[in-house]
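Accompanying notes for the structure given below.
Note on naming: letters A, B, ... go to the chains in the order of the sequence lines (proteins, then strands), and numbering restarts at 1 for each one. The model shown is predicted, which means the values in this text are computed figures rather than measured ones.
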There are 2 protein chains.
Amino acid sequence: MINLDYRDKRPLYEQITEKFENLISSGALGADEQLPSVRQLAMELSINPNTIQRSYMELEKKNIIYSIKGKGNFVTSDTEAIRRIKTENLMTDARNLALKAAELNVPLALFVKEFEKSYLTARGDARDD
Amino acid sequence: MINLDYRDKRPLYEQITEKFENLISSGALGADEQLPSVRQLAMELSINPNTIQRSYMELEKKNIIYSIKGKGNFVTSDTEAIRRIKTENLMTDARNLALKAAELNVPLALFVKEFEKSYLTARGDARDD
DNA sequence: GTATGTGTATTAATTCAGTTAATACAGTTA
DNA sequence: TAACTGTATTAACTGAATTAATACACATAC
């Protein structure tokens, strides 16, 4: 469910937080669905439970999950809100990148091509939605 | 010439490196122009000279500046090399962004459209190279 | 009830990158 | 010679991230 990238310079708890955000906003984890327990995920990733705990705290602060003591952590019911936020963040990134590209006179076609290639590769070279 | 942002979570030497890259690629610092000395800039920014030294080492590794012992650090005369570096950085950003978009199932067309719009706006709504 | 699963909280130790500090040495210029 | 430059090295400090070891509270199944 979660893979860590030890080359990534960001802290583990941040990586984990982002992975769950993506799983949720992409619909892989639906509303009120239960997340892996702190201890189980820690075991699975071979890291300390406190690191998972920190990630879950972050997610709860952002209202992306809610927790019930003794039961577990669950995805918020308003998953569409998350998707909107993530999408808008991504669009903002796209705009900023476009401004930089324009500033450096990098040809638009070249840029779009590189972009599409990565996108399609990530999706498996097959889809077009 | 350089301003530090202590809210920025990146290390100081990285910030400084990037500032110089921008000053140079924008032409504010021309070919063979001298950079501030390690000690002087450290004094000006109230940080340790070793931090500046590290930034300059990074810039030299990237062939953006060259140094002459006893004289100082100077902007490379090969400004095209700088352009190549900046362009490659931008392409890397594009690839990473595409991966995120794919992960979040944001439709490619939507994304590319937003991108092109910003690009063309930045260029003046007129060009198409 | 007990056992075992959950979340939560706390405190200490560790690790590592970034940064500071203090020097020393080498080349340039006046 | 004096006062600049860059370069290199070693030690110490700092703070964030992570690990470690517990303890406590709640839920569920037996």
Side-chain angles (χ1 to χ4, degrees), chain A residues 1-21 23-24 29 32-77, chain B residues 1-21 24 29 31-77:
Chain A
M1 178 175 257
I2 301 283
N3 279 311
L4 295 177
D5 177 7
Y6 283 96
R7 291 164 308 177
D8 195 324
K9 55 194 166 194
R10 290 177 307 163
L12 298 177
Y13 79 87
E14 247 183 62
Q15 280 187 56
I16 295 165
T17 302
E18 192 192 37
K19 297 272 189 189
F20 276 113
E21 285 180 4
L23 285 171
I24 292 168
L29 276 177
D32 298 311
E33 196 164 339
Q34 184 166 8
L35 276 66
S37 83
V38 168
R39 290 174 179 82
Q40 180 206 320
L41 185 55
M43 182 105 68
E44 191 180 317
L45 299 179
S46 304
I47 63 176
N48 195 280
N50 292 357
T51 305
I52 309 294
Q53 186 180 346
R54 169 124 189 219
S55 288
Y56 284 5
M57 270 172 45
E58 301 282 335
L59 289 167
E60 198 181 12
K61 260 196 289 186
K62 293 185 186 184
N63 291 315
I64 290 175
I65 68 174
Y66 61 93
S67 74
I68 302 178
K69 198 183 283 186
K71 294 192 72 174
N73 286 275
F74 304 86
V75 176
T76 183
S77 41
Chain B
M1 178 173 256
I2 300 284
N3 279 312
L4 296 178
D5 177 6
Y6 283 97
R7 293 163 308 177
D8 195 324
K9 55 194 166 198
R10 289 177 306 163
L12 297 177
Y13 79 88
E14 248 184 59
Q15 280 188 55
I16 294 165
T17 302
E18 192 193 39
K19 298 272 189 186
F20 275 112
E21 284 180 5
I24 292 167
L29 277 177
D32 298 312
E33 196 164 339
Q34 184 167 8
L35 275 64
S37 84
V38 168
R39 290 175 180 82
Q40 180 206 322
L41 184 54
M43 182 106 67
E44 191 180 318
L45 299 180
S46 304
I47 63 176
N48 195 281
N50 291 357
T51 305
I52 307 295
Q53 186 181 345
R54 171 126 186 217
S55 288
Y56 284 4
M57 272 173 45
E58 302 283 335
L59 288 167
E60 197 180 13
K61 259 195 293 187
K62 294 185 185 183
N63 291 315
I64 291 175
I65 67 173
Y66 61 93
S67 73
I68 303 177
K69 198 183 284 189
K71 295 192 73 174
N73 286 274
F74 304 85
V75 175
T76 181
S77 42

Take atom [atom1] of [X] and atom [atom2] of [N], then tell me their distance rounded to the nearest Å.
{"X": "A:Tyr66", "N": "C:dT6", "atom1": "OH", "atom2": "C1'", "value": "14 Å"}
{"X": "B:Met57", "N": "C:dG18", "atom1": "CE", "atom2": "C1'", "value": "14 Å"}
{"X": "A:Lys69", "N": "C:dT6", "atom1": "NZ", "atom2": "P", "value": "16 Å"}
{"X": "A:Tyr56", "N": "C:dT6", "atom1": "OH", "atom2": "C1'", "value": "12 Å"}
{"X": "B:Lys9", "N": "C:dG18", "atom1": "NZ", "atom2": "P", "value": "15 Å"}
{"X": "B:Lys71", "N": "C:dA30", "atom1": "NZ", "atom2": "C1'", "value": "14 Å"}

Looking only at heavy atoms, which two atoms of [X] and [Y] are closest? And how far apart?
{"X": "B:Ser55", "Y": "B:Ile16", "answer": "OG-CB, 3.4 Å"}
{"X": "B:Pro49", "Y": "B:Val38", "answer": "O-CG1, 3.4 Å"}
{"X": "A:Leu45", "Y": "A:Ile2", "answer": "CD2-O, 3.5 Å"}

Query raised in the report: Is the backbone of B:Asn73 close enough, under 3.5 Å, to the side chain of B:Glu60 for a donor and an acceptor to pair up by distance?
Result: no

Query - Pairs meeting criterion salt bridge (charged side-chain N to carboxylate O under 4.0 Å, His left out) with involvement of residues 44-57 of chain B, two or more places apart - result: B:Arg54-B:Glu58

Could you pull out all donor-acceptor pairs under 3.5 Å where a side-chain atom in residues 4-11 of chain B meets a protein atom, sequence neighbours excluded?
{"residue": "B:Asp5", "atom": "OD1", "partner": "B:Arg7", "partner atom": "N", "Å": "2.9"}
{"residue": "B:Asp5", "atom": "OD1", "partner": "B:Arg7", "partner atom": "NE", "Å": "3.2"}
{"residue": "B:Asp8", "atom": "OD1", "partner": "B:Arg10", "partner atom": "N", "Å": "2.9"}
{"residue": "B:Asp8", "atom": "OD1", "partner": "B:Arg10", "partner atom": "NE", "Å": "3.4"}
{"residue": "B:Asp8", "atom": "OD2", "partner": "B:Arg10", "partner atom": "NE", "Å": "3.4"}
{"residue": "B:Asp8", "atom": "OD2", "partner": "B:Arg10", "partner atom": "NH2", "Å": "3.0"}
{"residue": "B:Arg10", "atom": "NH1", "partner": "B:Glu18", "partner atom": "OE1", "Å": "3.3"}
{"residue": "B:Arg10", "atom": "NH2", "partner": "B:Glu18", "partner atom": "OE1", "Å": "3.2"}

Supply the atom-to-atom distance [X] [atom1] to [Y] [atom2], rounded to the nearest 0.5 angstrom.
{"X": "B:Tyr13", "Y": "B:Ile47", "atom1": "OH", "atom2": "CD1", "answer": "13.0 Å"}
{"X": "A:Leu35", "Y": "A:Leu41", "atom1": "CG", "atom2": "CG", "answer": "8.5 Å"}
{"X": "A:Ile68", "Y": "A:Gln34", "atom1": "CD1", "atom2": "CD", "answer": "9.0 Å"}

Taking only nitrogen or oxygen atoms into account, show me every contact under 3.5 Å that the protein makes with nucleotides 13-17 of chain C, one pair per line with its distance.
none

Query - Boundaries of the DNA chain D segment in contact with chain A, non-hydrogen, under 4.0 Å - result: D:dA17 to D:dT28

Report task. Could you tell me whether the phosphate oxygens of C:dT19, OP1 or OP2, come under 4.0 Å of any side-chain nitrogen or oxygen in B:Thr51? Result -> no

Report task. Could you pull out all residues at least two apart from B:Asp32 that satisfy salt bridge (Lys or Arg N to Asp or Glu O under 4.0 Å)? Result -> none

Query raised in the report: Parallel, tilted or perpendicular for A:Phe74 and A:Tyr66, by the 30°/60° rule?
Result: parallel

Report summary line: Within residues 38-47 of chain B, those residues having any heavy atom closer than 4.0 Å to DNA chain C are B:Arg39, B:Ile47

